[in-house]
Amino acid sequence: PGPTLTFAVTDTSGAQAFGGIGSQVVIQNAGPNTAFVVFGLSDAAATTASFPVLNGQSLQLSRSDSATHAALVCASGQTATVYVTPGYGD
């Protein structure tokens, strides 16, 4: 796996570059609220219509080779701590 990104997610979308290689991404939401994620380029912006990652959920998602960044956001007034780790998986 590549280095883990730590997101202090708020109601303003924030993006970080993947620090490693791999087409799989493990996302862990330490809570306390649902976060929404999207993969893209440096201008990626998540919205509450993006893919939800529930409080306490850990999941593996695929990303395209062109996706260099992950962006996360919470609903208005909410926050979450989310860990994003790129790598290879099956």
Side-chain angles (χ1 to χ4, degrees):
T4 297
L5 306 174
T6 302
F7 285 81
V9 186
T10 67
D11 56 7
T12 301
S13 181
Q16 293 186 45
F18 291 111
I21 57 174
S23 60
Q24 301 297 304
V25 179
V26 173
I27 301 175
Q28 297 172 308
N29 184 349
N33 298 293
T34 297
F36 300 86
V37 64
V38 67
F39 303 141
L41 301 176
S42 60
D43 61 350
T47 69
T48 54
S50 298
F51 190 87
V53 183
L54 305 179
N55 173 27
Q57 188 174 36
S58 177
L59 51 90
Q60 181 177 318
L61 298 174
S62 297
R63 69 174 171 121
S64 71
D65 292 338
S66 62
T68 58
H69 288 68
L72 286 113
V73 72
C74 282
S76 180
Q78 296 186 346
T79 63
T81 300
V82 177
Y83 303 99
V84 177
T85 306
Y88 294 102
D90 53 5

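The two residues Gln57 and Pro52 come nearest to each other via the heavy atoms OE1-O, 4.1 Å. Across every non-hydrogen atom of Ala80 and Asn29, the tightest pair is CB-OD1, 3.8 Å. Contact detail for Arg63 and Pro86: the closest heavy-atom pair is NH2-CB, 4.2 Å. The two residues Ala46 and Ala71 make their nearest non-hydrogen contact at CB-O, 3.5 Å.
Members clustered with Leu54: none, using a 4.5 Å side-chain heavy-atom cutoff among hydrophobic residues. Hydrophobic cluster of Tyr83: no remaining members, since no ILVMFWY side chain lies below 4.5 Å from it. In this structure, Val26 shares a hydrophobic cluster with no other residue, the cluster being traced through Ile, Leu, Val, Met, Phe, Trp and Tyr side chains under 4.5 angstrom apart. Other cluster members for Val9: Leu5, Phe7, Phe18, Val25, Ile27, Val37, Phe39, Phe51, Val53, Leu59, Leu61, Leu72, Val82, Val84, joined by side-chain heavy-atom distances under 4.5 Å among Ile, Leu, Val, Met, Phe, Trp and Tyr.
Here side chain to side chain donor-acceptor pair (under 3.5 Å) pairs that include residues 3-14, with residues two or more places apart or in two chains, are Thr4-Thr85.
Open room surrounds CG on Asp65; 12 or fewer heavy atoms of other groups in view lie less than 6.0 Å from it.
Listed by chain and number, the residues in a side-chain hydrogen bond (donor to acceptor under 3.5 Å, both in side chains) with Ser66 are Ser64 (sequence neighbours excluded).
No side-chain heavy atom of Asn33 sits under 4.5 Å from any side-chain heavy atom of Asn55.
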